[in-house]
Amino acid sequence: MFNKINLDSILKELEPYHAKLVAVSKKKPASIVSEAINAGQLIFGENYVQELVAKQAELPPAVQWHFIGHLQSNKVKQIVPFISMVQGVDSIKLLKEIDKEAGKCNRVVDCLLQVHIAQEETKFGFDIQEAETFLQSDSLSQLKNIRLCGLMGMASLTGDTQKVRDEFRSLKKLFDEVKQPVAGTAFTTLSMGMTSDYKIALEEGSNMIRIGSALFGER
Ligand SMILES: *Cc1c(COP(=O)(O)O)cnc(C)c1O
């Protein structure tokens, strides 16, 4: 079920921050995504390639699809023709693969580097030092079919709000350090915050939140 009341209240909360909403529709059928589209939402986040490709074929071309999961290099070619942004770029190898496939379809694909800020071992991503080193190198300038638009991160899943806040703050600090002139003029997006922690993320400088369960219910 799609929750229009929550959509409206989240959009209102975002206004003072000039932040964007990515509606995370993973594991929800296209019919439910349609309800959100009818309510005016056009940016959707998906985690699984098969599922995304199927929904993209069913839904209007005006939808902007963001890939927010862990993307395997061998699946890049399936989404590159239509993807609006790849948020979870967690390795240089993946970035190079996206660049290569984007070149084949004459596209420049918007990407966010995923940075590991949580303490859990299982989270993918660059650590802060790696991201900084990569962004300060000139490796990026060789990837002509990538537009690096910013950073994405996930905080620890914990009730310890101070810990969550500190993790978001560490990502904002990195973002401020590497944005212009280091990373270029397109580098403007800081994607952090999900249903359980987006208010903290906004207070700590997020300008893009990724919300699933508050809009579509539990998965
Ligand atoms: C599933 C997911 C979300 C949305 O999580 P909710 O808690 O349902 O809001 C956000 N970001 C990423 C990377 C996800 O995988």
Side-chain angles (χ1 to χ4, degrees), residues 1-14 17 19-30 32-33 35-36 39 41-53 55 63-72 75 79 83-91 94 98 110-127 131 149-161 163-165 167-168 171-172 175 189-219:
M1 237 204 27
F2 164 64
N3 192 322
K4 168 97 165 76
I5 292 168
N6 283 357
L7 174 68
D8 290 341
S9 76
I10 291 168
L11 289 175
K12 219 174 180 86
E13 283 177 274
L14 288 181
Y17 298 99
K20 284 188 182 169
L21 171 65
V22 177
V24 177
S25 48
K26 63 179 173 219
K27 299 187 182 165
K28 301 293 171 182
I32 289 180
V33 180
E35 291 179 36
Q41 177 65 25
L42 282 182
I43 310 176
F44 292 88
E46 289 281 340
N47 293 56
Y48 309 103
V49 169
Q50 270 343 92
E51 188 184 335
L52 168 57
V53 168
K55 278 182 211 170
V63 173
Q64 297 166 41
W65 296 102
H66 287 206
F67 195 83
I68 64 170
H70 171 61
L71 181 57
Q72 290 167 270
K75 296 191 173 165
I79 64 168
I83 202 76
S84 174
M85 181 178 269
V86 182
Q87 291 208 15
V89 179
D90 54 14
S91 70
L94 178 59
I98 298 169
D110 289 350
C111 293
L112 303 181
L113 285 194
Q114 183 170 356
V115 181
H116 180 109
I117 49 172
Q119 269 161 14
E120 285 110 77
E121 286 298 323
T122 54
K123 296 260 163 79
F124 292 101
F126 290 79
D127 66 33
C149 295
L151 303 175
M152 182 266 226
M154 288 164 89
S156 297
L157 289 171
T158 168
D160 182 348
T161 55
K163 184 171 181 208
V164 169
R165 187 176 295 282
E167 290 171 356
F168 285 146
L171 189 59
K172 174 66 160 70
F175 180 74
T189 299
L190 181 56
S191 172
M192 51 185 203
M194 344 202 311
T195 296
S196 60
D197 56 18
Y198 74 88
K199 289 171 208 263
I200 301 173
L202 290 168
E203 287 165 7
E204 295 304 327
S206 168
N207 59 22
M208 181 174 278
I209 62 171
R210 309 176 310 272
I211 304 292
S213 27
L215 297 175
F216 300 111
E218 294 302 317
R219 288 177 294 271

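FYI, side chains are in, hydrogens and waters are out, and symmetry mates aren't considered; it's all heavy atoms of this structure. Start at 1 and go down the list; that is how both ligands and their atoms are numbered.
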Checklist entry - Identify the closest protein heavy atom to atom 13 (C) of ligand 1: which residue and atom is it, and at what distance? => result Ile68 O, 3.5 Å
Checklist outcome for this item: The protein heavy atom nearest to atom 9 (O) of ligand 1 is Thr195 OG1, 2.5 Å
Next on the checklist: For atom 11 (N) of ligand 1, what is the closest protein heavy atom, and at what distance to 0.1 Å?
Outcome noted: Arg210 NE, 2.9 Å
Checklist entry - Could a heavy atom of Gln87 be found less than 4.0 Å from some atom of ligand 1? => result no
Next on the checklist: Under 4.0 Å from a heavy atom of Lys26: which atoms of ligand 1 are those, numbered in the order shown and with their elements?
Outcome noted: 1 (C), 2 (C), 3 (C), 14 (C), 15 (O)
Checklist entry - If we only count heavy atoms from C-beta on, is the Gln114 to Gln87 side-chain gap below 4.5 Å? => result no
Next on the checklist: Please list, in number order, the atoms of ligand 1 under 4.0 Å from a heavy atom of Met154.
Outcome noted: 13 (C)
Checklist outcome for this item: ligand 1 to Ile211, heavy atom cutoff 4.0 Å, flagged ligand atoms 9 (O)
Item to check | Per-atom contacts, ligand 1 versus Gly212 - under 4.0 Å to a heavy atom | outcome: 4 (C), 6 (P), 8 (O), 9 (O)
Checklist entry - How many angstroms lie between NE2 in His116 and CD in Glu167, if you round to the nearest 0.5 Å? => result 8.5 Å
Checklist entry - atom 6 (P) of ligand 1: which of Ser191, Gly69, Ser213 has the nearest heavy atom? => result Ser213
Item to check | Salt bridge present between Glu51 and Lys55 (N-O < 4.0 angstrom) | outcome: yes
Next on the checklist: Within ligand 1, which atoms have a heavy atom of Asn47 less than 4.0 Å away?
Outcome noted: 14 (C), 15 (O)
Checklist entry - What class does the angle between the rings of His70 and Phe124 fall in, given that below 30° is parallel, 30 to 60° is tilted and above 60° is perpendicular? => result parallel
Next on the checklist: Other residues, nucleotides and ligands only: do more than 12 of their heavy atoms fall within 6.0 Å of NZ on Lys27?
Outcome noted: no
Checklist outcome for this item: In Lys199, Lys172, Arg165, the residue satisfying side chain to side chain donor-acceptor pair (under 3.5 Å) with Glu204 is Arg165
Checklist entry - Is the shortest distance from a Lys or Arg side-chain nitrogen in Asp8 or Lys4 to a carboxylate oxygen in the other one below 4.0 Å? => result yes
Next on the checklist: Give me the residue, atom name and distance of the protein heavy atom closest to atom 5 (O) of ligand 1.
Outcome noted: Met194 CE, 3.6 Å
Checklist outcome for this item: Rounding to 0.5 Å, atoms CG (Asn3) and OG (Ser9) come to a distance of 8.0 Å
